[in-house]
*Asks:* 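Take a look at this one; I'll ask things after.
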Amino acid sequence: MRAAGQEDDVRLTDHPRRCPGLIGRDTELAALRAALAEHRLVTVTGAAGVGKSGLALAAVARPQDGPWQAVVRVRWHDGVPAGPWALAARIARALDPATGGYGRSGTPDLAAAMRSLTGGELLLLLDDVDPVHGDCTRLAQSLLTSLPTLRILVTARRALGLGSEHVLRLAPLATDTPPEGLSPAAELLQALAVGRGRAVTADRRAVDRVCALVEGVPLALELAAAQLEDSTPSRLVARLEGGQCWLTDPGPRTIRRHRSVRASLGSVHALCEPAVRKVWRRLGVFAGTFTERAAAFVCESADLAPDDVPPALAELTSIGVLERQGEAGAVREPRYRLSRAARDFGTERLEAAGESVAARDRHARHCRSVAAVAETLWNTGLQQQAVQLVHDEHADLTGLVDRAARHRDHPETALETVLHLWFWWAAHNRGEEGAGRLLALLPLLPADSPLAARGQWLAGWLAAGRDPATARRLLDLAWPAAVLAGDDALVGRIAHAHGTLAWRRRDLTAAAEYFRQAADTIPAHAPGGPGPMVSLAALAVVQTRTAPALAARTARRALGQQTGGHDTWGTALAHYARALVDHRAGHTARARQRARRALTFLDARLDAPQANAALRGLLVHLDQNAPGRPGRPVCLPSPRVQVRGEEDGAPRGEERGEGQGAPRGGAR
């Protein structure tokens, strides 16, 4: 039903078109129909393009779907009615053309117009009300009061905020692929592609990747399907890796903001206050999740105070631009995440505003600060919290390093960040990754950078397991600078790295000497790398091969260090050495008990895959060998290589990178 001459921004119908079945929305559709049967005001909320209107239309498409006898749909397009009374007048004129929707008093009487439409219950579908959100809130409240049989269904990016309102939050389609079949997002993409005459079933992996990149948003999947008319899923993946705002459908579309991802987000952006827009675009520098404090630091500027950020985060969360992770009142600080499309859009707006350099600079300083805090947590005994912090910030920490390597953007800040995270690379079997990042950053440093020697040492230590020749070269470069600077901690850690190299080539005498020198040289509380406890524990492991009694004393000495109670990683390695001593002495039961106790202690306090694997490997070995037999010794845990059972010494495949004999350059 529509009055002649009605404005284009209001569309009404008492019989909405029958909607096809929604893919992947069976649960949400059932929940919406149940809510409409129970509540008079129901609002479907969600991010732009998530399919709110389609779900609402499907829920009311059949007369038997609810107790109402007529449905009136109002949808806003590009115009914006001027105030609630103008809005009411437009709807009233459409419902009752004979009187123009005006009562005896000469004012719009929408309630009377609705009463004349049907004697039974009526459902008013207010679709896409974001441009007139405040007006619709007041209108809905008035109508619900004056019409007891009226039900209202609203679709909007945020709820109306009325007390009687039931809110159904619509999320994007799931992209996780089940063991059999397709994910809901992939099923929708394939159906849309087939509808355009393009079958994509042969390229299953690329289809799944497309769905993951657009994060299951139905509008983005529809636009992606349009691209498949002239492209392949693999080529589409390559383009989407760089962003998705360019996604568009060249065909005709009734709703202008649905013609591209950029237009869809632009319509959301246009309704935001200036301060909220600033926060949105500056948050585009985050690659992963972030806290409110991080957002306030990165977004702060002369025209935006830190106090302006929390309300902006709340607003962006309410309209679906941000996702808030963590429950209210939880112990951990809540974290926020920009959807990938919203981040791409924010980055574009940041570039257009000329604020990219300043925002990236503050983001780089934030990442360095996070890494420094994580190292401090590690060194003060809060190692589990340190690892959790790196997990939470991993995307941004590695993103900073990648950006520095590709674009020479803040290379020294990026290198400092990597150096602070030495424990992450060493204790988590990520040595190859850490060495690769350091080797990419080191050539970008100024020739006189004081960070170079520290970077060379850490890269050399992390590379010791896979590339001994490169490790030796880097350590030889770092040693003179460490000696000239009088940096005892760095000199000792270079010795520790040489001890790892000697262990790898089965030179037990050299390995023991290097680890002893490291333990004697590294100050007890020196930041920037492992403390003397780790070197003593490593020495004890080496001594289990040559002098078991001495190994037991060395392990006890390691556990007696001032930092012993703080260093779960070093403690696990020392207990590992003591278990090896017991085993070699024929005390298999005691060795098993000690190893199990150490493993329980480790599991309760730290996610350290390498130390965990060493202890588990020892337990397996103890279970497979008779008491008193020498068995197959387990390798000393190193930053790269996990525990293995081999013949006496390091795995033979690791030996070929370096000849026998003493290191050429070690700590002198």
Side-chain angles (χ1 to χ4, degrees), residues 371 375 401 404-405 408 410-426 430-505 507 510-511 513-515 517-523 526-531 534-535 538 638-641 654-668:
E375 185 189 9
V401 178
R408 297 178 176 268
H410 301 92
E412 289 190 282
T413 303
L415 185 65
E416 283 187 88
T417 300
V418 176
L419 291 173
H420 283 306
L421 298 178
W422 65 267
F423 64 90
W424 174 258
W425 316 116
R430 297 173 180 266
E432 184 178 354
E433 178 189 354
R437 295 187 181 281
L438 286 163
L439 291 174
L441 292 173
L442 284 169
L444 307 180
L445 296 182
D448 58 346
S449 174
L451 298 174
R454 292 174 57 200
Q456 290 160 351
W457 155 73
L458 183 55
W461 183 39
L462 298 176
R466 176 172 290 271
D467 190 353
T470 297
R472 182 182 293 279
R473 176 179 60 82
L474 291 167
L475 296 173
D476 286 350
L477 290 172
W479 185 80
V483 172
L484 289 173
D487 190 339
D488 289 343
L490 186 54
V491 168
R493 285 164 185 154
I494 293 172
H496 184 100
H498 274 299
T500 302
L501 283 169
W503 171 265
R504 302 299 301 167
R505 66 174 183 273
D507 187 346
E513 180 58 33
Y514 280 126
F515 286 137
Q517 181 180 347
D520 292 341
T521 306
I522 301 173
V534 174
S535 298
S638 71
R640 172 63 183 88
V641 180
E654 306 281 344
E655 298 173 26
R656 292 191 289 270
E658 188 173 338
Q660 300 293 325
R664 293 191 304 271
R668 303 177 177 118

*Asks:* Would you compute the distance between atom CG of L462 and atom OG1 of T470 and round it to the nearest 0.5 angstrom?
*Replies:*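 Here the rounded value is 12.5 Å.
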*Asks:* Would a 4.5 Å heavy-atom cut-off, applied to side chains only, mark W461 and L475 as touching?
*Replies:*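 No - every pair of side-chain heavy atoms lies 4.5 Å or more apart.
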*Asks:* Report the C-alpha distance between R472 and H498 in whole Å, list the side-chain angles of each, state the deciding distance to 0.1 Å, and finish with yes or no for side-chain contact (heavy atoms from CB on, under 4.5 Å).
*Replies:* CA-CA 8 Å; R472 182 182 293 279; H498 274 299; 4.3 Å; yes
*Asks:* Please confirm whether the backbone N or O of A497 pairs with a side-chain atom of W457, one donor and one acceptor, at under 3.5 Å?
*Replies:*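 No, the answer is negative, given that no donor and acceptor are paired below the 3.5 Å cut-off.
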*Asks:* Determine whether W422 and E375 satisfy the following criterion, side chain to side chain donor-acceptor pair (under 3.5 Å), listing intermediate values before the conclusion.
*Replies:* CA-CA 8 Å; W422 65 267; E375 185 189 9; 3.3 Å; yes
*Asks:* Rounded to the nearest 0.5 Å, how far does CG of L490 lie from CD of Q456?
*Replies:*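 Between atom CD of Q456 and atom CG of L490 there are 9.5 Å.
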*Asks:* Taking side chain to side chain donor-acceptor pair (under 3.5 Å) as the test, write out the residues that go with E416, two or more places apart.
*Replies:*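 For E416, the residues satisfying side chain to side chain donor-acceptor pair (under 3.5 Å) (neighbours in sequence not counted) are R368.
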*Asks:* Using the side chain to side chain contact (heavy atoms under 4.5 Å, CB included) definition, which of the options L415, L421, L441 pairs with V401?
*Replies:*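 Of all the options given, the one that passes is L441.
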*Asks:* Could you check whether any side-chain N or O of R493 sits under 3.5 Å from a backbone N or O of I522, counting only pairs where one atom can act as donor and the other as acceptor?
*Replies:*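 No; zero donor-acceptor contacts below 3.5 Å.
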*Asks:* Considering residues at least two apart in sequence or located in another chain, which fulfil the side chain to side chain donor-acceptor pair (under 3.5 Å) criterion with S535?
*Replies:*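 S535 satisfies side chain to side chain donor-acceptor pair (under 3.5 Å) with H496 only.
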*Asks:* How many angstroms lie between atom CG of D487 and atom OG1 of T521, to the nearest 0.5 angstrom?
*Replies:*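 These two atoms lie 11.5 Å from each other.
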*Asks:* Could you check whether any side-chain heavy atom of P468 comes within less than 4.5 Å of a side-chain heavy atom of R505, counting everything from C-beta outward?
*Replies:*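 Heavy-atom side-chain distance check fails, nothing below 4.5 Å.
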